[in-house]
Amino acid sequence: MPGNATLTLEAAVARFAAEEIRPFATHFEEIPGIPRRLITRMGEIGLLGAVLPPAYGGLGLDCLAYGKLTALIGKACCATRSVLTVHTSLVGETILRFGTEEQKAHWLPLIASGEKIGAFALTEPEHGSDAAGIQTSYRKSGSDYLIRGQKKWISLGGIADFFIVLATNNGRITAFITERDHTVTTTPMTGLLGNRAGHVAEITFTDTRVTPAHILGKEGNGFTHIVNAAMDYGRYSIAWAGQAIAQEALDNMVSYARTRSQFGQKLGQLGAIQQLIATATVKVHAGSNLCRKAGEARQQRDPDATMETIIAKYYTSKTAMEIATDAVQLFGGNGCYNVYPVERLFREAKILEIIEGTSQVMEGIIAGFALKKYYIPST
């Protein structure tokens with residue numbers, strides 16, 4: 001989109017987030033869940049198809065523009081942002097890349113409009129980071145396939161109309177696009193630390209019948225192609241999500257420090273508080289640069305784009321947790337009270353260090369990259 005059009009869209013999304021999301025973010029956790037009407041509104045604005053081509057009802061935004069919109073929504077409500085991460089990135093972008101023309105023509109317009117909501121069914125009760133060890137299975141039944149197994153921690157799983165589900169057959173992992181029917185049951189998950197409004201659910205497939213036309217990509221390439229690509233899309237979204245929480249926590253710290261008085265002066269006048277704010281500011285600026293660098297690398301199809309995305313995701317998720325923790329500390333007792341947003345930011349930030357690859361998994365990948373790229377042979 002032209003630069004001015006993108007700026008106009010950013011302004012519209014910022015207003016949408018300020019008026020229709022931020023004031024209700026805590027309420028969404030109590031309903032519980034993001035209202036379907038809000039997701040429909042996101043589709044009307046163009047958010048759900050922001051990164052999809054216009055031919056499929058999308059806006060065709062580049063990576064940087066999409067990242068900025070993700071951050072605008074994430075600042076207002078992390079759970080609402082998860083709709084973009086899951087529905088648009090994990091599901092939409094993956095179908096765009098690997099789907100047949102028929103699959104793209106059918107599903108992408110429905111994704112862009114929000115008429116149908118998609119979820120990515122990978123994680124299982126016993127397998128999270130070890131995605132290659134999934135146990136949900138599929139078998140042949142005539143010319144069709146039957147899927148059987150259980151998925152867990154699936155964001156949007158409680159309200160999704162269809163799923164990209166990963167299943168294995170004698171070690172061959174395949175991705176299927178599976179619609180909700182009487183053989184697919186979902187159970188809402190409660191008692192969650194974060195993403196309480198994200199309709200997280202357990203999903204059970206009981207001999208769910210699909211045809212060869214439901215296979216996404218090729219049979220057997222579910223892990224090597226579908227999962228790896230989807231995680232890359234998801235990590236880019238989470239990088240901006242971490243940046244969003246960090247910035248929102250900093251905004252709240254500064255606003256509170258300028259209005260709250262202790263010991264006869266504003267908190268912002270105290271040296272210890274200034275140190276917290278200064279440190280947070282530097283980390284927010286650094287995270288912004290890393291997200292931009294990852295976005296530019298993706299747009300330029302840089303060979304290191306995936307690694308730049310991982311580095312950005314790793315840094316901003318950890319930074320979000322650090323700044324949200326300091327924000328709670330600055331707010332004192334009020335920081336532990338859900339009348340104030342930093343309580344929710346603190347809980348949501350922790351989730352980002354786990355989803356789309358834990359920080360520990362990311363460290364291993366980053367270290368492997370560094371050991372190859374920055375090695376100086378002895379002369």
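At distances below 3.5 Å, at least one donor-acceptor pair connects side-chain atoms of Thr70 with backbone N or O atoms of Tyr66. In this structure, Asn252 contributes its side chain and Ser255 its backbone to no donor-acceptor pair below 3.5 Å. Of the possible polar contacts, none joining the Lys75 side chain to the Gln243 backbone as a donor-acceptor pair under 3.5 Å is found. Looking only at distances, no side-chain donor or acceptor of His87 sits under 3.5 Å from a matching main-chain atom of Ala119. Gln299 contributes a side-chain N or O that, together with a main-chain N or O of Leu64, makes up a donor-acceptor pair within less than 3.5 Å. Remark: the backbone N or O of Ala79 is paired with a side-chain donor or acceptor of Ser82 at under 3.5 angstrom. The backbone N or O of Glu356 sits less than 3.5 Å from a side-chain atom of Arg235, completing a donor-acceptor pair. Judged by distance alone, with hydrogens and angles left aside, the side-chain atoms of Ser317 form a donor-acceptor pair with the main-chain N or O of Tyr314 at under 3.5 Å. Between the side chain of Thr136 and the backbone N or O of Ala167 there is no donor-acceptor pair closer than 3.5 Å.
For the pair Val254/Ile277, a side-chain contact is recorded, criterion being any heavy-atom separation below 4.5 Å from C-beta on. Inter-residue side-chain proximity for Lys68 and Val13 is flagged as unmet; no heavy-atom pair is nearer than 4.5 Å. Using a 4.5 Å cut-off on side-chain heavy atoms (C-beta onward), Leu108 and Gln103 make no contact. Annotation: side chain of Gln329 is not in contact with side chain of Thr325 (no heavy-atom distance under 4.5 Å). Using a 4.5 Å cut-off on side-chain heavy atoms (C-beta onward), Arg347 and Asn195 make no contact. Considering only heavy atoms from C-beta on, Trp153 comes within 4.5 Å of Met189 through its side chain. A 4.5 Å side-chain heavy-atom check between Ile21 and Phe16 finds at least one atom pair inside the cut-off. Residues Tyr256 and Asn334 are in side-chain contact: their nearest non-hydrogen atoms beyond the backbone lie under 4.5 Å apart.
Linking ILVMFWY residues whenever their side-chain heavy atoms come closer than 4.5 Å, directly or via other members, places Leu290 and Ile310 in the same cluster.
Classification of Asp62 and Arg298 as a salt-bridged pair fails, no side-chain N sitting under 4.0 Å from a carboxylate O. The pair Glu248-Arg22 meets the salt-bridge criterion, with a side-chain N (NZ, NE, NH1 or NH2) lying under 4.0 Å from an Asp/Glu carboxylate O. Using a 4.0 Å cut-off between charged side-chain N and carboxylate O, Lys152 and Glu124 make no salt bridge. Looking at Lys293 and Glu308, a side-chain N of the basic residue comes within less than 4.0 Å of a carboxylate O on the acidic one, giving a salt bridge. Looking at Lys350 and Glu353, a side-chain N of the basic residue comes within less than 4.0 Å of a carboxylate O on the acidic one, giving a salt bridge. A salt bridge links Asp161 with Arg36: at least one charged nitrogen is closer than 4.0 Å to a carboxylate oxygen. Ion pairing between a basic and an acidic side chain is recognised when a charged N comes within 4.0 Å of a carboxylate O; Glu93 and Arg97 show no such pairing. Contact check on Glu322 versus Lys283 returns a salt bridge, with a Lys/Arg side-chain nitrogen under 4.0 Å from an Asp/Glu carboxylate oxygen. Ionic pairing of Glu29 and Arg344 is not present here: no N-O contact between side-chain nitrogen and carboxylate oxygen is shorter than 4.0 angstrom.
Other residues, nucleotides and ligands contribute more than 12 heavy atoms inside 6.0 Å of the CG atom of Asp181. Residue Gln275 qualifies as open at atom CD: its count of foreign heavy atoms under 6.0 Å is 12 or below. No more than 12 heavy atoms of other residues, nucleotides or ligands shown are found within 6.0 angstrom of CD on Glu126. The number of heavy atoms from other shown groups lying within 6.0 Å of CZ (Phe346) does not exceed 12.
Separation of the Phe163 and Phe120 ring centroids does not fall under the 6.0 Å cut-off. Ring pair Trp107/Phe162: centre-to-centre distance below 6.0 Å.
The structure places NZ of Lys104 at 10.5 Å from CD1 of Ile95, a figure rounded to the nearest 0.5 Å. Rounded to the nearest 0.5 Å, atoms CD (Glu219) and CZ (Arg172) are 4.5 Å apart. Ile31 contributes atom CD1, which lies 9.5 Å from atom CZ of Phe24 (distance to the nearest 0.5 angstrom).
Annotation: cation-pi geometry satisfied between Lys140 and Tyr145 (NZ/CZ under 6.0 angstrom from ring centroid, within 45° of ring axis).
Applying the side chain to side chain contact (heavy atoms under 4.5 Å, CB included) test to Tyr337 and every residue at least two apart in sequence or in another chain returns Val339, Tyr340.
Applying the salt bridge (Lys or Arg N to Asp or Glu O under 4.0 Å) definition to pairs two or more places apart or across chains, none involves residues 47-61.
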